[in-house]
Amino acid sequence: SFYRDLINEYLRECQDQPPKDMTWSECLDKSRGYLELTQQHFSQAVSELQGVAIGAGVGFPDLFASCIEEYYSPFLDKKGCTDIILLPPKNDRTLVLHTNDLSPSISKYIVSVEWNIDDLPTQYAVGVCGYSISAGLNDTGLVLSGNELVPNDVRVGVPRSIIAREIICAKNLDEAVVMANNPYRASSYNNIITIKGRSVSIEGSATASQTLEPNEGILCHSNHYLGSQMTSYEGEPNYKSSINRFSSAISLTRDLKYP
């Protein structure tokens with residue numbers, strides 16, 4: 001099938017272009033530590049990935065290693081992403097605006113999947129080959145968007161793509177915030193979690209986090225840390241593209257008029 005072939009092609013890319021200063025064999029060896037912690041804290045996610053591996057006819061260790069964004073391959077040329085969240089009083093509705101600028105080498109692997117799992121909300125998620133997730137929503141009205149960050153304290157732990165998957169499974173905002181702050185995470189996205197009338201931006205690293213709230217109904221973010229408690233974890237200072245996109249988002253929202 002198309003999906004099986006896509007996963008196989010993606011894994012070949014990962015194997016042929018391992019992370020800098022690592023062989024794919026070394027990636028697999030290091031992945032055991034990530035898997036151990038993920039199995040302890042998110043066994044359902046591990047079972048899901050095992051099912052994907054069986055369905056695609058690939059080795060589970062390879063598939064799990066491929067979802068560890070903490071050491072993604074160089075060919076995954078991520079150019080940046082920007083979010084604008086509009087809420088009352090700025091807007092009479094809750095709007096989530098998200099861009100994810102990707103190169104053709106990775107965009108061809110982006111798949112949207114609807115997940116229907118017993119005792120969990122129905123989820124609609126977007127990610128690499130459908131299993132490495134960074135954004136989505138569920139039928140409770142909870143939306144996860146956000147931005148890749150470059151924290152300087154990355155460690156072996158639960159991959160951030162797994163954390164994102166668990167956030168989308170949450171039944172309410174408070175539960176989602178707990179998932180985003182899981183103390184065993186390897187690193188973190190800037191996780192923007194939104195429900196009707198409320199949004200929070202959780203800037204995280206492996207060992208710290210800060211929650212940012214909308215200002216007068218506006219929440220904007222790109223790919224650098226904004227919180228005063230998180231700037232010391234910035235692994236890419238003076239990230240000009242991110243700074244410029246954030247400034248543009250603020251200017252755009254400031255100038256917009258809503259009834």
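All values derive from a computational prediction rather than experimental measurement.
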Output yes when a side-chain donor or acceptor of [X] lies under 3.5 Å from a complementary backbone atom of [Y], and no otherwise.
X    : Y    : result
N91  : L87  : no
T38  : V158 : no
E234 : E236 : yes

Does the side chain of [X] reach to within under 4.5 Å of the side chain of [Y], using non-hydrogen atoms?
X    : Y    : value
D83  : C220 : no
C169 : W115 : no
I218 : L86  : yes
E148 : E69  : yes
N223 : V150 : no
R185 : L37  : no
P151 : V154 : yes
S248 : T82  : no

Return all side-chain donor-acceptor pairs below 3.5 angstrom for residues 49-63, not counting sequence neighbours, or 'none' if the list is empty.
unit_1	atom_1	unit_2	atom_2	d
D62	OD1	Q15	NE2	3.1
D62	OD1	W24	NE1	2.7

List the atom of [X], the atom of [Y], and the distance in Å for their closest heavy-atom pair.
X    : Y    : result
V156 : K30  : CG2-CE, 4.1 Å
K90  : G217 : CB-O, 3.7 Å
E203 : G227 : OE1-N, 2.8 Å
I193 : L173 : O-CD1, 4.0 Å
T94  : G197 : OG1-N, 2.7 Å
A206 : A186 : CB-O, 3.2 Å

Any residue meeting salt bridge (charged side-chain N to carboxylate O under 4.0 Å, His left out) with D153, in chain and number order, not counting sequence neighbours
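With neighbours one apart ignored, the set is empty.
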About how many Å separate [atom2] of [Y] and [atom1] of [X], when rounded to the nearest 0.5 Å?
X    : Y    : atom1 : atom2 : result
I192 : I84  : CD1   : CD1   : 10.0 Å
N147 : S222 : CG    : OG    : 6.5 Å
S232 : M230 : OG    : CE    : 7.0 Å
K20  : M22  : NZ    : CE    : 13.5 Å
L144 : T194 : CG    : OG1   : 8.5 Å
I162 : I167 : CD1   : CD1   : 12.0 Å

Under a plain distance cut-off of 3.5 Å, with no hydrogens placed, do [Y] and [X] share a side-chain donor-acceptor pair?
X    : Y    : result
Y124 : S112 : yes
S201 : N190 : yes
S187 : E70  : yes
T122 : N116 : yes
Y233 : S209 : no

With clusters defined by side-chain heavy atoms of hydrophobic residues (ILVMFWY) lying less than 4.5 Å apart, directly or transitively, does [Y] cluster with [X]?
X    : Y    : result
L226 : I202 : no
V128 : V111 : yes
I110 : Y189 : no
I250 : V96  : no
I133 : L149 : no

Go through Y239 and R245 one step at a time and tell me if the side-chain contact (heavy atoms from CB on, under 4.5 Å) criterion holds.
CA-CA 10 Å; Y239 189 172; R245 284 182 280 112; 4.0 Å; yes
Please check if the number of heavy atoms outside D5 that lie under 6.0 Å from its CG is greater than 12.
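Buried by this count: over 12 neighbours within 6.0 Å.
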Are more than 12 heavy atoms, taken from residues, nucleotides or ligands other than E213, located less than 6.0 Å from that residue's CD atom?
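Correct, the count exceeds 12.
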May I have the step-by-step check of side chain to side chain donor-acceptor pair (under 3.5 Å) for Y225 and Q210, ending in yes or no?
CA-CA 10 Å; Y225 288 105; Q210 181 175 353; over 6 Å; no
Could you go through S205 and N152, starting from their C-alpha distance and side-chain angles, then the distance that decides it, and tell me whether this counts as side-chain contact (heavy atoms from CB on, under 4.5 Å)?
CA-CA 8 Å; S205 68; N152 58 19; over 6 Å; no
Working note: L137 + L142, criterion side-chain contact (heavy atoms from CB on, under 4.5 Å); need CA distance, chi angles, decisive distance, verdict.
CA-CA 6 Å; L137 67 156; L142 184 144; over 6 Å; no
Enumerate the salt bridge (Lys or Arg N to Asp or Glu O under 4.0 Å) contacts for residues 163-177, please, sequence neighbours excluded, ordered by first and then second residue.
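Found E48-R165.
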Could you point out which residue of Y184, F42, Y71 forms a ring pair (Phe, Tyr, Trp, His ring centres under 6.0 Å) with Y34?
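Only one of Y184, F42, Y71 forms a ring pair (Phe, Tyr, Trp, His ring centres under 6.0 Å) with Y34, namely Y71.
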F246 and H224 aromatic ring geometry - parallel, tilted or perpendicular at 30°/60° bounds:
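Taking F246 first and then H224, their aromatic rings stand perpendicular (interplane angle over 60°).
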Evaluate side chain to side chain donor-acceptor pair (under 3.5 Å) for S66 paired with Y131, printing each intermediate quantity in order.
CA-CA 10 Å; S66 74; Y131 64 82; 2.6 Å; yes
Carefully, step by step, assess R160 and N191 under the rule side chain to side chain donor-acceptor pair (under 3.5 Å).
CA-CA 10 Å; R160 58 191 175 201; N191 292 298; over 6 Å; no
Between S188 and N181, is a side-chain contact (heavy atoms from CB on, under 4.5 Å) present by the stated rule, with each step listed?
CA-CA 9 Å; S188 180; N181 285 305; over 6 Å; no
